[in-house]
Amino acid sequence: MNLPQTRPDNCPPGLEYLTTIDQLLVHQKVEILEALIGFETKNKFTVKNSLGQKVFYAVEESSCLTRCCCGPIRPMDMKILDNYKNEVIHLSRPLACQSCWFPCCLQRMEVYAPVGQLVGTVEQDWTIFTPAFSVKNAAGDTVLKIEGPFCTFSICGDVEFKVLALDGSTVVGKITKQWSGLLREAFTDADYFGITFPMDLDVKMKAVMLGACFLIDMMFFEKSNNEETDRPGMF
């Protein structure tokens, strides 16, 4: 994995490599204790490029109490580290609802790069039938939209969330929950994701897209006690 020799203008330190790619693969680590007895542990992920080379490593930060009591909607932080164990991106997810019955308290993921400097947010839009999100920059301006399917339950196939331009019809990328095999899907919530985005997208927004992937994973694919809780629409 070759890093650029110089850091482009307005590129946060540690994100230089994102300027040269248009795809990321996110693989969640299988936690043995969680798979065997259903005790919820902190999630860990490896972020790779299309060649399978490790780019980042992500580690959830949350308390045992919130993981057990709040399940998939728990508040959390996530450190995203480079190959030298330096934190280059920090994600923060406050406690909120995700049902369409609570339009004033919907999901949000804040993305910081470097730590302490907000570069953008992913905010759930109020919808009834299909998941929808706004990808915003640090100023609060919407840059991209994300639209998911009516049913996000994975049955021997991929689940695709489209990344749309502001016109709402031009597809510029996608976040795909990839089918990872019957045993892995049935007995764990260790998921595989693929993220694609325009090569020339602002590197800060590429970091926000990574945050969007983790938010989608927690909202729709994180099991509670190894049980599927997905329902059609946003009810």
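Atoms considered below: every heavy atom in the structure, side chains included; atoms not considered: hydrogens, waters and symmetry mates.
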Novice: My understanding is that only one of Glu123, Gln98, Arg93 makes a side-chain hydrogen bond (donor to acceptor under 3.5 Å, both in side chains) with Gln107; could you say which?
Specialist: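 Of Glu123, Gln98, Arg93, side-chain hydrogen bond (donor to acceptor under 3.5 Å, both in side chains) with Gln107 is met by Arg93 alone.
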Novice: Rounded at 0.5 Å granularity, tell me how far CD in Gln28 sits from OH in Tyr192.
Specialist: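 One gets 10.5 Å once the value is rounded to the nearest 0.5 Å.
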Novice: Rounded to the nearest 0.5 Å, how far apart are CG of Leu91 and CD1 of Ile80?
Specialist: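 Between Leu91 CG and Ile80 CD1, I get 4.0 Å after rounding to 0.5 Å.
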Novice: Donor-acceptor pair, Arg74 side chain versus Leu95 backbone, under 3.5 Å?
Specialist: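 Side chain of Arg74 to backbone of Leu95: no pair is present.
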Novice: What pairs with Phe161 under ring-ring contact (aromatic ring centres under 6.0 Å, His included), at least two apart in sequence or on another chain?
Specialist: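 ring-ring contact (aromatic ring centres under 6.0 Å, His included) check on Phe161 returns Phe220.
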Novice: What's the separation between atom CG in Leu201 and atom CG in Leu18, rounded to the nearest 0.5 Å?
Specialist: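 Answer for the CG-CG pair, Leu201 versus Leu18, is 10.0 Å.
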Novice: Looking at every heavy atom in both Gly14 and Val88, which two are closest together, and how far apart are they?
Specialist: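 Closest heavy-atom pair between Gly14 and Val88: CA-CG1, 3.6 Å.
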Novice: Which pair of heavy atoms, one from Ile89 and one from Ala207, lies closest together, and at what distance?
Specialist: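 Where Ile89 meets Ala207 most closely, the heavy atoms are CD1-CB, 3.9 Å.
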Novice: Under 3.5 Å, is there a donor-acceptor pair between the side chain of Thr142 and the main chain of Ser134?
Specialist: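 The answer is no, because no donor-acceptor pair under 3.5 Å joins these two groups.
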Novice: Run the salt bridge (Lys or Arg N to Asp or Glu O under 4.0 Å) test against Lys145 and tell me which residues pass, sequence neighbours left out.
Specialist: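 Testing Lys145 for salt bridge (Lys or Arg N to Asp or Glu O under 4.0 Å), a comparison that skips the adjacent residues, returns Asp125.
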Novice: Before accepting this row, confirm whether a basic side-chain N of the pair Glu61/Lys42 lies closer than 4.0 Å to the acidic partner's carboxylate O.
Specialist: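 Salt bridge absent between Glu61 and Lys42.
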Novice: Please round to the nearest 0.5 Å and tell me the distance separating atom CD of Glu147 and atom CD1 of Ile175.
Specialist: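 Between Glu147 CD and Ile175 CD1, I get 13.0 Å after rounding to 0.5 Å.
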Novice: Any chance you could measure Ser62, atom OG, to Met76, atom CE, to the nearest 0.5 Å?
Specialist: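 It comes to 8.0 Å.
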Novice: What are the two closest non-hydrogen atoms of Ala113 and Leu15, and how far apart are they?
Specialist: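 Smallest interatomic distance, heavy atoms only, reads CB-CD1, 3.9 Å.
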Novice: Can you name the closest pair of heavy atoms from Ile195 and Cys213 and give their distance?
Specialist: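 Shortest heavy-atom separation between Ile195 and Cys213 comes out as CD1-CB, 3.5 Å.
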Novice: For Val119, is there any backbone N or O sitting under 3.5 Å from a side-chain donor or acceptor partner on Asn137?
Specialist: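 Absent.
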Novice: When the aromatic ring centroids of Phe193 and Phe214 are compared, is their separation below 6.0 Å?
Specialist: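 No - the distance between ring centres of Phe193 and Phe214 does not fall below the 6.0 Å cut-off.
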Novice: Compare every heavy atom of Val111 with every heavy atom of Gly211, then report the nearest pair and how far apart it is.
Specialist: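 Answer, listing the atom of Gly211 first, then Val111: CA-CG2, 4.3 Å.
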Novice: Going through the checks in order, is the side-chain contact (heavy atoms from CB on, under 4.5 Å) test met by Val26 and Leu210?
Specialist: CA-CA 9 Å; Val26 180; Leu210 186 57; 4.0 Å; yes
Novice: Could you tell me whether Lys177 and Asp158 make a salt bridge, using a distance below 4.0 angstrom between a side-chain N and a carboxylate O?
Specialist: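 So Lys177 does not pair with Asp158 through a salt bridge.
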Novice: The criterion is side-chain hydrogen bond (donor to acceptor under 3.5 Å, both in side chains); which residues satisfy it with Thr46, sequence neighbours excluded?
Specialist: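 Testing Thr46 for side-chain hydrogen bond (donor to acceptor under 3.5 Å, both in side chains), a comparison that skips the adjacent residues, returns none.
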Novice: Salt bridge check, Glu60 against Lys44: does any charged N sit closer than 4.0 Å to a carboxylate O?
Specialist: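 Looking at Lys44 and Glu60, the cut-off is not met.
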Novice: Can you tell me if Gln23 and Asn49 form a side-chain donor-acceptor pair at under 3.5 Å?
Specialist: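 Not at all, the side chains of Gln23 and Asn49 share no donor-acceptor pair under 3.5 Å.
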Novice: Between the side chains of Thr66 and Ser63, is a donor N or O closer than 3.5 angstrom to an acceptor N or O?
Specialist: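 Looking only at side-chain atoms, Ser63 and Thr66 do form a donor-acceptor pair, the distance falling under 3.5 Å.
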Novice: Would you say the side-chain atoms of Ser99 pair up with the backbone N or O of Trp101, donor to acceptor, closer than 3.5 Å?
Specialist: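 Yes, Ser99 side chain to Trp101 backbone: donor-acceptor pair under 3.5 Å.
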Novice: Indicate the atoms forming the closest heavy-atom contact of His90 with Asp77, along with that distance.
Specialist: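 Minimum heavy-atom contact is NE2-OD1, 3.1 Å.
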Novice: Quick one: pull up OG1 in Thr19 and CG in Asn10 and give me the separation to the nearest 0.5 Å.
Specialist: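 Reported to 0.5 Å precision, the distance equals 12.5 Å.
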Novice: Checking Gln53 side chain against Leu51 main chain: does a donor-acceptor pair fall under 3.5 Å?
Specialist: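 No; judged by distance alone, with no hydrogens or angles, the pair does not exist.
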Novice: With no hydrogens and no angle check, just 3.5 Å: does a side-chain donor-acceptor pair link Arg108 and Gln124?
Specialist: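 Checked: Arg108/Gln124 side chains show no N/O donor-acceptor pair below 3.5 Å.
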